[in-house]
Amino acid sequence: MGNTINKPRGTNDILGINKKKHDELVSQLDSMAMLYGCEKIEVPTFEESKLFKRGVGESTDIVNKETFDLVNKGEHDYTLRPEFTAGINRSIIENKLYATPDLPIKLCYYGSIFRYERPQVGRFREFHQWGVEFIDQKVDLLTTISCLSLFFNQVKKILNINPVLKVNFLGSFASREQYKIALKNFFIPHIQDMCGDCRRRLEQNPLRILDCKVEDDRKIIIDAPKVTDFLSEEDKEEYQEILNALNALEIPYITDDKLVRGLDYYTGLVFEIYDNDHLELGALGGGGKYGKLMSVLGGPDFEGIGYSFGVERLVLAKKDDKTLPYDLDLFIIALKKDGLDGVLKTAFGLRELGYKVSSASMSKALNGSIKMADRKNASFVLIADDRGYHLKNMKTREQIDGDTIESLNIVKHLEER
Ligand code: AMP
């Protein structure tokens, strides 16, 4: 082999069992979302750069230093999507989806995300997000709790783990502005001792300092003013109603007044979910309510609430289901050409009935082919050799023999498993 080419840093080839787990998880997330009345949406992988500058916020890390910007072609600057919310809200505005009497709009999505981050465990430069956006003129308590309970149940039931749900409430724009001033005043005397990112954030958006992961900075952050002390009476009431509803539904949560999220346009409730046994993976997913995103993007004054999961992290966190179904119902080992028509007909007939059937190369020896059937996680093996036909149950290792394929009653055995 000549010179080979490797994948770019921070990207993944999703292969074999991993691809299977990934796809199964996405399909389980979809199915649960359907129980909540969600419809699927797909938006472009790249958008005009200004969409993310406006929709995510120029002071965020995502837009500030993590976007993959495409080489200019023609009049427009394009960026590979670093998140979905801005693109989906753009699509809702452009396609006037909001002009419906049937509110809230409930959408779910899945696809690749691109962020120029430093790769590490569970952190990639291209990864996949699955998420939802619920949009309404005013996102009410029912919609908020539907969104949160879907978020929580997807992690708990699909991953089969004990999740930790963290919530915080950022308040309206007016109260946020007050809070930002208080934060700035608090950090000014400390800022020389803090990291470069924090120094930049102090001017651009002091709220983001709360998100800093640098150990020494966190010691300072711990004493910073709390956002909940700056909430209006109305905000406090809304937050309390949400917490009451979570209590009533017995959805466990912890409040974390330092939780802030990547987008500038979050207002009100924000939330994240973690795997208690694998905190090193970081957040499995997160989201929140955004009050002004639609209007910032030139649409109507609607609100939204949404979240996204990192699918690769969910795959890492998922506890394996021990009763994984078989990958193949029947694996064919045909050791002679004679009678191959009958074998092929049987295979086609079973596929028509919805059974999964595959086969080994004819040149492969019997022992090797049986090992292959095990590796392929087949339920039964059909062997055609000079002595006739044999059906082997790969779990019990029992084998029955016959002169014809019909005499083996393959369908009956598959049904009775
Ligand atoms: P965010 O949009 O930053 O809130 O991310 C939502 C979710 O996407 C996170 O909770 C992670 O599960 C996942 N995620 C974010 N960044 C990455 C990354 N660089 N690599 C893999 N997953 C990520």
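Side-chain atoms are counted along with the backbone in the values below, which use heavy atoms only and exclude waters and symmetry mates.
In this structure the side chain of Pro163 never reaches within 4.5 angstrom of the side chain of Asp275, judged on heavy atoms. Side-chain atoms of Phe302 and Lys138, non-hydrogen and from C-beta on, never get closer than 4.5 Å to each other. Contact check for Ile220 versus Asp223: no side-chain heavy atoms found under the 4.5 Å cut-off. When side chains are defined from C-beta on, Trp130 counts as touching Cys108, because their heavy atoms get closer than 4.5 Å. Looking at heavy atoms from C-beta onward, Met362 lies out of side-chain contact with Leu335 at the 4.5 angstrom threshold. Under the 4.5 Å side-chain criterion, counting only non-hydrogen atoms from C-beta, Leu330 is not in contact with Val381. Between Ser146 and Leu142, the closest side-chain pair of non-hydrogen atoms falls below 4.5 Å. Looking only at side-chain heavy atoms (C-beta outward), Arg90 and Ile92 stay at 4.5 Å or farther from each other.
With no hydrogens or angles considered, no side-chain donor-acceptor pair links Glu415 and Tyr355 at under 3.5 Å. Between the side chains of Ser27 and Asp30, not a single donor N or O lies within less than 3.5 Å of an accepting N or O. A donor-acceptor contact closer than 3.5 angstrom links the side chains of His390 and Asp385. For the residue pair Asp401 / Gln399, a side-chain donor-acceptor distance below 3.5 Å is found, with atom types taken as modelled. Judged by distance alone, the side chains of Glu126 and Thr11 never bring a donor and an acceptor atom under 3.5 Å apart. At a cut-off of 3.5 Å, with distance as the only test, no side-chain donor of Arg208 or Gln204 sits close to an acceptor on the other residue. Side chains of Asn247 and Tyr253: a donor on one and an acceptor on the other come within 3.5 Å. One side chain, Tyr274 or Glu272, offers a donor N or O that lies under 3.5 Å from an acceptor on the other. Ser91 and Asn95 share a donor-acceptor pair across their side chains, judged by distance under 3.5 Å alone. Judged purely by distance below 3.5 Å, without hydrogens or angles, the side chains of Thr255 and Tyr239 never pair a donor atom with an acceptor atom. Between the side chains of Glu83 and Ser308, not a single donor N or O lies within less than 3.5 Å of an accepting N or O.
By the 4.0 Å N-to-carboxylate-O rule, Lys345 lies too far from Asp341 to be salt-bridged with it. Taking a cutoff of 4.0 Å between a charged side-chain nitrogen and a carboxylate oxygen, Lys289 and Glu238 qualify as a salt bridge. A salt bridge does not link Lys219 with Glu215: none of the charged nitrogens is closer than 4.0 Å to a carboxylate oxygen. The residues Asp211 and Lys213 are annotated as salt-bridged, a charged nitrogen and a carboxylate oxygen being separated by less than 4.0 angstrom. Ion pair Asp374/Arg397 flagged as a salt bridge, since at least one NZ, NE, NH1 or NH2 atom sits closer than 4.0 Å to an Asp/Glu carboxylate oxygen.
In this structure, Phe68 has its ring center at least 6.0 angstrom away from the ring center of Phe46.
In terms of modelled atom types and a separation under 3.5 Å, the side chain of Arg54 and the main chain of Val296 share a donor-acceptor contact.
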Review point. Going through the checks in order, is the side-chain hydrogen bond (donor to acceptor under 3.5 Å, both in side chains) test met by Thr79 and Asp69?
Key: CA-CA 4 Å; Thr79 295; Asp69 299 311; 2.7 Å; yes
Check your understanding: Between Lys20 and Asp327, is a salt bridge (Lys or Arg N to Asp or Glu O under 4.0 Å) present by the stated rule, with each step listed?
Key -> CA-CA 10 Å; Lys20 195 170 161 250; Asp327 292 323; 2.6 Å; yes
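Environment of NZ in Lys40: sparse, with no more than 12 heavy atoms of neighbouring residues, nucleotides or ligands closer than 6.0 Å. The neighbour count for Glu280 CD, taken as heavy atoms of other residues, nucleotides or ligands under 6.0 Å away, is above 12. Applying the 6.0 Å contact sphere to NZ of Lys236 captures more than 12 heavy atoms from other residues, nucleotides or ligands. Glu237 CD: 12 or fewer foreign heavy atoms inside a 6.0 Å radius. Environment of CZ in Arg118: sparse, with no more than 12 heavy atoms of neighbouring residues, nucleotides or ligands closer than 6.0 Å. Environment of CD1 in Ile222: sparse, with no more than 12 heavy atoms of neighbouring residues, nucleotides or ligands closer than 6.0 Å. At most 12 heavy atoms of other shown residues, nucleotides or ligands fall within 6.0 angstrom of atom CZ in Arg387. Gln120 CD: more than 12 foreign heavy atoms inside a 6.0 Å radius.
The cationic group of Lys336 lies under 6.0 Å from the six-membered ring centre of Tyr389 and within 45° of the ring axis, placing it in a cation-pi geometry. A cation-pi arrangement is absent between Arg125 and Phe114 under the rule of less than 6.0 angstrom and at most 45 degrees off the ring axis. Seen from the ring of Phe271, Lys166 does not count as a face-on cation partner, given the 6.0 Å and 45° thresholds.
Relative ring orientation between Tyr266 and Tyr290 is described as perpendicular, the plane-to-plane angle rising above 60° on a 0-90° scale split at 30° and 60°. Below 30°, between 30° and 60°, or above 60°: for Tyr110 and His128 the angle between ring planes is below 30°, a parallel geometry.
Closest heavy-atom contact between Leu408 and Gly402: CD2-N, 3.7 Å. Residues Val311 and Gln129 share a closest heavy-atom pair of CG2-C, 4.1 Å. The heavy-atom pair separating Gly87 from Val43 by the smallest distance is O-CG1, 4.0 Å. Between Phe309 and Gln154, the shortest heavy-atom distance links the atoms CE1-OE1, 3.1 Å.
For the pairing with Asp329, the salt bridge (Lys or Arg N to Asp or Glu O under 4.0 Å) check across Arg351, Lys376, Arg417 returns one residue only, Arg417.
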